[in-house]
Amino acid sequence: SILATNSLQFAQAPNKLDIAREYWLFALAIMVSIFVTSMFITAYPTALLTVAIGIAMMLFSLNLLLGVKLNIGPGRGWHLGFGVLSGVLGGISSIWSPTVAMYLVARDVSKERFIGATGFLFLAGVLPLGAGQLVAGILTGPALIKSSLALIVVLIGFRIGELLRQRVSQKLFRKAVLIAFFFMGLRLIINGITYFWKNTSIFPEGISIGTVNRFEREETANFYAIEVNLSVDYTKLHFVYVIKDALKAERVQLESKKSD
């Protein structure tokens with residue numbers, strides 16, 4: 001679905017050749033770094049990375065909404081830097097669009113140019129990401145089927161967005177993008193925290209600590225007093241071993257694939 005929508009978005013943009021000439025280094029940096037990263041990095045702190053991206057998006061949006069101007073230039077150094085950063089983030093988390101959009105918004109490009117450039121740069125990341133994930137065994141048949149089914153809904157949303165964009169001014173368009181960025185960042189933070197609590201290995205599930213013997217609550221209390229028969233007689237413990245989970249990263253990765 002991402003491939004189809006980005007292709008359509010770039011195909012409908014005016015001055016496609018001019019966009020490609022301006023952002024070719026940006027696109028090349030994304031393609032190389034996203035492919036290399038997605039192929040070789042299989043374990044990473046998902047929750048931490050997602051929360052960090054969300055915080056960066058929220059801070060970026062708030063700064064520009066409050067009128068703080070960011071001195072980001074149009075030179076090749078900026079394109080190379082943002083391209084590599086976007087590719088690395090995309091390779092390890094499949095999230096490379098925020099940094100691309102942040103660059104274009106900070107440059108205050110026109111809304112038509114913004115749509116065309118994001119379509120071109122997002123498209124530059126889709127193909128190497130898919131290739132890298134295919135080599136790493138992450139991209140599977142069921143995932144492709146789900147993506148194809150989601151394409152219909154995405155295209156409807158794409159058309160609605162296109163009609164709305166034609167009716168708003170450049171100033172309102174930029175403000176709407178920044179507000180959307182703020183809430184997207186908030187969503188990433190919530191998703192990252194939720195992922196952490198669901199996949200943490202600090203307290204693994206299924207380990208019995210005891211059985212509840214009885215419980216009661218006084219009328220004036222807002223908690224229960226619970227009596228538990230412990231599974232282990234701690235008065236007879238002599239040695240305690242602390243075991244480090246050396247396979248935690250691999251297990252979390254496999255569990256995340258299963259849940260997807």
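Heavy-atom basis, side chains included; hydrogens, waters and symmetry copies ignored. Note that the structure is a prediction, hence the values are computed from the model and not measured.
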Exercise. Hey, are the side chains of Leu104 and Tyr23 touching, using non-hydrogen atoms and a 4.5 Å cut-off?
Worked result: yes

Exercise. Taking the inter-plane angle between the rings of Tyr103 and Phe82 on a 0 to 90° scale, is it parallel (under 30°), tilted (30 to 60°) or perpendicular (over 60°)?
Worked result: tilted

Seminar exercise, completed: salt bridge (Lys or Arg N to Asp or Glu O under 4.0 Å) pairs touching residues 106-126, sequence neighbours excluded, are Asp18-Arg113, Glu22-Arg113, Asp108-Arg174

For this session: Measure the CD1-CG distance between Ile179 and Leu62 for me, rounded to the nearest 0.5 Å.
Result: 10.5 Å

Exercise. Is the distance between the ring centroids of Phe182 and Phe60 less than 6.0 Å?
Worked result: no

For this session: Enter the distance from Leu89:CG to Thr99:OG1 here, rounded to the nearest 0.5 Å.
Result: 5.5 Å

Exercise. With side chains defined as the heavy atoms from C-beta onward, is the minimum distance between Phe181 and Leu64 less than 4.5 Å?
Worked result: no

Exercise. Got a second to check how far Leu121's CG is from Ser97's OG, nearest 0.5 Å?
Worked result: 11.0 Å

Exercise. Does the separation of the ring centres of Phe26 and Phe120 fall below 6.0 angstrom?
Worked result: no

For this session: Could you tell me the separation between the CE atom of Met31 and the CG atom of Leu123, rounded to the nearest 0.5 Å?
Result: 8.5 Å

For this session: Flag yes if Phe215 and Val228 sit in one hydrophobic cluster, no otherwise; membership is Ile, Leu, Val, Met, Phe, Trp, Tyr, and two members link when side-chain heavy atoms are under 4.5 Å apart.
Result: yes

Seminar exercise, completed: Of all heavy-atom pairs linking Thr50 and Leu188, the shortest is CG2-O, 3.1 Å

Exercise. Where the side chain of Thr118 meets the backbone of Ile115, is there a donor-acceptor pair that is under 3.5 Å apart?
Worked result: yes

